[in-house]
J.: 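Quick one: this structure, given as structure tokens, is what I'll be asking you about.
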2 protein chains.
Amino acid sequence: MAGFKGQAEYSVDSKGRVAIPAKMRNDLNPAAKNTFTITRGFEQCIFLYPMDRWGEMEDEFRELNMFNQGARAFVRTILRWADEVSLDGQGRISIPKRLVEFAGLDGKALIIGSLDHIEIWDPDVFDDYLNEQSSDYESLAESVMGVL
Amino acid sequence: MAGFKGQAEYSVDSKGRVAIPAKMRNDLNPAAKNTFTITRGFEQCIFLYPMDRWGEMEDEFRELNMFNQGARAFVRTILRWADEVSLDGQGRISIPKRLVEFAGLDGKALIIGSLDHIEIWDPDVFDDYLNEQSSDYESLAESVMGVL
DNA sequence: GGAGTGGTGGGGAAAAGTGGGGAACTACCC
DNA sequence: GGGTAGTTCCCCACTTTTCCCCACCACTCC
């Protein structure tokens with residue numbers, strides 16, 4: 001299955017609905033049944049995992065030792081923000097209010113494909129994130145990939 | 001079976017009744033027969049285990065060595081707080097008074113899905129819990145999942 | 001230029017949450 | 001032993017939210 005890639009800027013309507021780019025919809029595994037688990041991402045963005053991939057994530061969480069405080073706190077956070085959303089007839093999902101607020105979405109959304117998941121950012125928030133990056137793309141690449 | 005996820009803030013009425021979110025009810029295994037074992041959770045919250053999953057938990061407790069003092073104390077605690085509750089026609093359960101007091105519930109309840117169980121928190125108590133967290137979500141994720 | 005695909009916006013039906021009332025059961029007191 | 005008060009459980013009705021469907025506009029590809 002091809003991973004998600006590319007980016008697009010779409011509008012978020014008053015009901016919190018956002019269209020998922022057709023290109024990414026086409027990359028969906030039929031097993032995902034046009035359904036995603038939407039949850040809080042890292043940094044100030046939203047993660048969207050297709051149902052099939054989310055099942056694998058849950059299996060990883062189940063393997064954690066729930067008698068460990070840190071593990072409980074982590075699982076509580078990722079799960080309490082999570083919700084299941086499906087594409088409507090127009091290829092849109094509706095984002096729960098609390099996630100709209102968390103990501104600071106305000107009329108516009110930046111959709112970014114990221115292999116096994118899709119990220120949703122507020123365009124302004126994403127600009128700030130880019131500006132905060134201390135190292136440039138080339139140095140980052142070296143530190144992440146250079147040790148392989 | 002998909003695990004429980006998501007959160008919702010519902011009211012606790014004067015009779016100690018709380019609705020279980022429809023999304024979580026739909027994730028219930030029919031074998032659970034709309035029945036839960038409700039008991040004291042970790043941190044100041046209430047745990048709700050569907051009947052089918054609770055059976056497995058009991059099996060785990062049975063395997064503990066009851067000649068060990070700690071094991072006895074642990075099992076005593078979790079069992080003495082436990083009670084069996086069923087959904088009424090409106091999808092609600094009624095929480096035993098002593099658990100309402102333990103969790104500090106006061107008119108409102110925060111329901112959090114957590115894979116194999118559901119947690120019930122008082123919203124204020126949960127805020128305090130969040131504030132006590134020493135590390136942010138990103139660092140927590142790295143320390144919990146980063147070693148995989 | 002027309003048809004089809006892709007994104008946007010709104011309205012109505014159905015489901016979900018909330019609160020209250022009444023019957024059945026129990027426990028306590030007279 | 002009977003009556004009363006308290007509790008629990010079940011059912012009904014109301015209100016709000018959510019979801020699904022329909023219509024429209026823009027762009028692109030024949």
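None of these values were measured; they are calculated from a predicted model. We name chains A, B, ... by the order of the sequence lines, and we start the count at 1 in each one.
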J.: Nearest-Å distance, CG (B:Leu87) to P (D:dC9)?
T.: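 The answer, rounded to whole Å, is 13 Å.
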J.: Grab the CG-P distance between A:Asp88 and D:dC21 for me, whole Å please.
T.: 10 Å
J.: Provide, to the nearest angstrom, the distance between the NZ atom belonging to A:Lys15 and the P atom belonging to C:dG10.
T.: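 Distance, rounded to whole Å: 8 Å.
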J.: Using side-chain heavy atoms (C-beta onward) and a distance below 4.5 Å, is B:Glu9 in contact with B:Pro123?
T.: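 Yes, side chains in contact.
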J.: Side-chain N or O of A:Ser86 less than 4.0 angstrom from OP1 or OP2 on D:dC19?
T.: no
J.: When you measure from the centre of the six-membered ring of B:Tyr129, is the NZ or CZ of A:Arg76 under 6.0 Å away and within 45° of the axis?
T.: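 Cation-pi check for A:Arg76 and B:Tyr129: passes.
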J.: Starting at CD1 of B:Ile111 and ending at P of C:dA16, how long is that distance when rounded to a whole Å?
T.: 16 Å
J.: Between D:dT8 atom P and B:Ile95 atom CD1, what is the distance in whole Å?
T.: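 Going from CD1 in B:Ile95 over to P in D:dT8 covers 14 Å.
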J.: Generate the contact string for nucleotides 22-30 of chain D. Rules: B means base contact, S means sugar-phosphate contact only, - means no protein heavy atom under 4.0 Å.
T.: BB-------
J.: With sequence neighbours left out, what residues match A:Trp81 under side-chain hydrogen bond (donor to acceptor under 3.5 Å, both in side chains)?
T.: none
J.: In Å, rounded to the nearest 0.5 Å, how long is the span from SG of A:Cys45 to CG of A:Leu110?
T.: 10.0 Å
J.: Compare all side-chain heavy atoms of A:Ile95 with those of A:Arg17 and state whether any distance is below 4.5 angstrom.
T.: no
J.: Given C:dG22, C:dG17, C:dG6, which nucleotide is nearest the side-chain atoms of A:Tyr10?
T.: C:dG6
J.: Using a 4.0 Å heavy-atom cut-off across all strands, classify A:Lys97 as base, sugar-phosphate, or nothing.
T.: sugar-phosphate
J.: Would you say the side chain of A:Arg17 and the base of C:dG10 hold a donor-acceptor pair, judged only by whether the two atoms sit under 3.5 Å apart?
T.: yes
J.: Ignoring backbone atoms, establish whether B:Ser14 has a side-chain N or O less than 4.0 Å from OP1 or OP2 of C:dG19.
T.: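 B:Ser14 to C:dG19 OP1/OP2: no side-chain N or O under 4.0 Å.
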J.: Is there a donor and acceptor pair closer than 3.5 Å between the side chain of A:Lys23 and the base of C:dG7?
T.: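 Under the 3.5 Å cut-off, the side chain and the base do not form any donor-acceptor pair.
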J.: Test: ring pair (Phe, Tyr, Trp, His ring centres under 6.0 Å). Region: residues 11-45 of chain B. Which pairs qualify, not counting sequence neighbours?
T.: A:Phe67-B:Phe42, B:Phe42-B:Phe47
J.: Rounded to whole Å, how long is the line connecting atom CD of A:Glu9 with atom P of C:dT8?
T.: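 So the CD-P distance, A:Glu9 to C:dT8, works out to 10 Å.
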J.: Output the single nucleotide from C:dG19, C:dG9, C:dA16 whose closest atom is nearest the side chain of B:Asp13.
T.: C:dG19
J.: Can you work out whether B:Pro21 or A:Pro21 has the more 5'-proximal nearest nucleotide on DNA chain C?
T.: A:Pro21
J.: Please state how far atom CD in B:Glu84 lies from atom C1' in D:dT8, giving the value in whole angstrom units.
T.: 16 Å
J.: Looking at A:Arg25, I'd like to know whether one of its side-chain N or O atoms comes within less than 4.0 Å of OP1 or OP2 on C:dG7.
T.: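 A:Arg25 to C:dG7 OP1/OP2: side-chain N or O found under 4.0 Å.
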J.: Counting C-beta onward and ignoring hydrogens, is there a side-chain heavy-atom pair between B:Ile20 and B:Ile93 closer than 4.5 Å?
T.: yes
